[in-house]
Amino acid sequence: MTSTDSSQVPVPVHDWAVDDLPALDFDPFMARLLLHEPIARIRLPYGEGHAWLVTRYEDVKLVTSDARFSRRALIGRSVTRLSPHTIPQDEAVGFTDPPRHAQLRKAVARAFSARSMERIRPLVERTAHELLEGMERHGSPADLMEHFNAPLPLTVISEVMGVPSSDRPLMAHWTGVLLTAARTREESEAAKAEIRAYFVALLRRRRAEPREDLAGDLAAAVTSAELSEAEAVALAVLIQISATHAVRNNSANMVYALLTEPGLADRLRAAPAVLPQAVEELLRWIPHRRGVGIARIATQDVEVGGTLIAKGEVVYASYLTANRDPSVFERPDELDVDRPRVPHLSFGHGPHFCLASMLARLESEVMLTGLLARFPHLRLAVPAKEIAWQPAALIRGPETLPVAW
């Protein structure tokens, strides 16, 4: 393919409002670009200028793993973006490039290793059991978001981090403010300052009185000069809010799919061994985020899929469209839990691959297993079209999920 020199040939810029979509509908704008304009220029609602949007599977993998595309170079630039505020702090791992990026992740990697997951599993299972028992005592109907999908991930990551139960409502509040485009910059900046101050204080307490939790690990990394205090605090904030919000909404999306896709729940009840594979397919198929995530900056000219992206240009990579690429997935728009191989990119790719992916999988599997086993007649308590969805949430999900059994 002949390269397109983006500095010479005019390329149309698509204004993308990123409107809220019904339920789990896939964004038709993204679907059209994937099939007809896989490397396109876009302008998002906030920030300045425009950016490239890369949508095909292999192109997404290239942009997210090639060192010529930098996250660190974003600092100080007002690039076109989805929300009025920048969510991560400048010191956050999301704005760091290798090799420093690997050093930051190393400080917390032990907490999310396969061995750690085996230690955490009883906590997840116990929490799920207690929450489901409480929901059963409450009686049918009940809101899953209130009784199950919201409190479980908040409880688990707070236990891992070392956040006491009395402070968890604060964590839920700050997370809700930060991970939406619906709040003002002032509200978001205030929440960011408050949660940062909380973790500064928590890590300083752990340095004075060490404990075996993630806050203790981060405090020890500061003491040993492995991390600066700002880096450790930024990591704590990112892990706490991401592990709360993403699993809360993604797991609820999975339940919604189970209760609206004909025969799916019965299939998994009849063959529970299929559930881990089903979780992978749900992760692929569900359009879990709204729009796109954090951009990258090309640090030199790079050809991607036959298009030349010039040094200094802004690039977004869409994991959602990569998961629907027909060159990789047969019948990509169908939800097929018997799909034998699901190499999805829902947890990212390259250096910024989600650190807590194994925890997210574990929680999702435990939650779905518990619901299907305890409530064999679980169903939506209202028509699907009446479910309210969170407006402008960066990770899509229902506001409430009323169920009956």
Side-chain angles (χ1 to χ4, degrees), residues 6-7 13-14 16 18 39-55 59-105 178-181 183 185 188-189 191-193 195-196 227-228 230-239 241-242 246 289-302 304 307-320 322 345 347-355 394-395:
S6 60
S7 66
V13 178
H14 302 282
W16 186 15
V18 199
I39 301 179
R41 272 186 163 158
I42 59 166
R43 184 183 293 111
L44 292 163
Y46 299 95
E48 300 172 6
H50 48 71
W52 291 104
L53 175 61
V54 174
T55 55
D59 295 339
V60 167
K61 288 177 69 177
L62 171 63
V63 168
T64 55
S65 60
D66 193 308
R68 293 173 293 178
F69 294 100
S70 168
R71 284 275 186 84
R72 192 69 185 166
L74 284 167
I75 295 177
R77 289 189 58 171
S78 179
V79 305
T80 187
R81 62 184 186 272
L82 179 62
S83 63
H85 59 284
T86 301
I87 295 166
Q89 301 168 42
D90 286 354
E91 302 85 2
V93 67
F95 283 148
T96 308
D97 296 331
R100 183 57 179 161
H101 179 267
Q103 295 169 335
L104 294 182
R105 288 173 65 103
L178 289 172
L179 293 182
T180 179
R183 298 295 190 125
R185 178 188 292 271
S188 300
E189 291 300 329
K192 191 186 295 186
I195 194 171
R196 184 185 184 282
L227 300 179
S228 68
E231 289 172 332
V233 168
L235 263 172
V237 171
L238 178 66
I239 291 169
I241 67 174
S242 297
R289 72 164 300 114
R290 177 173 171 268
V292 287
I294 302 176
R296 291 167 172 81
I297 304 292
T299 59
Q300 55 185 278
D301 293 355
V302 186
V304 179
T307 295
L308 182 66
I309 295 177
K311 178 180 179 180
E313 289 191 312
V314 183
V315 187
Y316 283 97
S318 172
Y319 295 123
L320 298 190
L345 300 182
F347 292 117
H349 181 71
H352 291 278
F353 183 83
C354 177
L355 185 67
L394 300 188
I395 303 294

Answer whether the closest heavy-atom distance between the side chains of T64 and F353 falls below 4.5 Å. no
Side chains of L235 and L227: closer than 4.5 Å at any heavy-atom pair? yes
Between the CZ atom in R100 and the CZ atom in R72, the distance rounded to the nearest 0.5 Å is 10.0 Å
Contact check, side chains of L53 and S318, non-hydrogen atoms, under 4.5 Å: yes
The salt bridge (Lys or Arg N to Asp or Glu O under 4.0 Å) partners of R290 (sequence neighbours excluded) come to D20
Please name the pair of heavy atoms, one in A298 and one in A310, separated by the smallest distance, quoted to 0.1 Å. CB-O, 3.5 Å
When you check the gap from the basic side-chain N to the acidic O, do R41 and E313 get nearer than 4.0 Å? yes
So, for A40 and H14, which heavy atoms are closest and what is the spacing to 0.1 Å? CB-CD2, 4.1 Å
Closest non-hydrogen contact found for A322 with L345 is CB-CD1, 3.7 Å
In short, A317 meets V60 closest at the heavy-atom pair CB-CG1, 4.0 Å
With sequence neighbours left out, what residues match D59 under salt bridge (Lys or Arg N to Asp or Glu O under 4.0 Å)? R56
Rounding to 0.5 Å, atoms CZ (R296) and CZ (R71) come to a distance of 4.0 Å
Is any side-chain heavy atom of Y46 closer than 4.5 Å to a side-chain heavy atom of T80? no
Could you go through the side-chain contact (heavy atoms from CB on, under 4.5 Å) check for V304 and V63 one step at a time? CA-CA 8 Å; V304 179; V63 168; 4.2 Å; yes
Heavy-atom side-chain proximity of L44 to V292 below 4.5 angstrom: yes
Decide yes or no for F69 and V315: does some side-chain heavy atom of the first lie under 4.5 Å from some side-chain heavy atom of the second? yes
Looking at side-chain heavy atoms only, is the closest gap between E48 and V79 below 4.5 Å? no
N/O donor-acceptor pair under 3.5 Å between R185 side chain and S188 backbone: no
Euclidean distance, I195 CD1 relative to I241 CD1, rounded to 0.5 Å: 6.0 Å
In the structure I gave you, are the side-chain heavy atoms of W52 and I39 within less than 4.5 Å of one another anywhere? yes
So how far is it from L82 CG to I294 CD1, rounded to the nearest 0.5 Å? 11.5 Å
Measure across L74 and A295 and return the closest heavy-atom pair with its distance rounded to 0.1 Å. CD1-O, 3.0 Å
Check: S70 side chain, I297 main-chain N or O, donor-acceptor pair, under 3.5 Å: no
In Å, rounded to the nearest 0.5 Å, how long is the span from CG of L62 to OG of S65? 6.0 Å
Can you tell me how far OH of Y316 sits from CZ of R81, rounded to the nearest 0.5 angstrom? 8.0 Å
Closest approach of A67 and T299, non-hydrogen atoms and distance? O-OG1, 4.3 Å
Could you work out, with side-chain contact (heavy atoms from CB on, under 4.5 Å) as the rule, every residue matching H101, not counting sequence neighbours? V93, T96, P98, R105, P351, H352
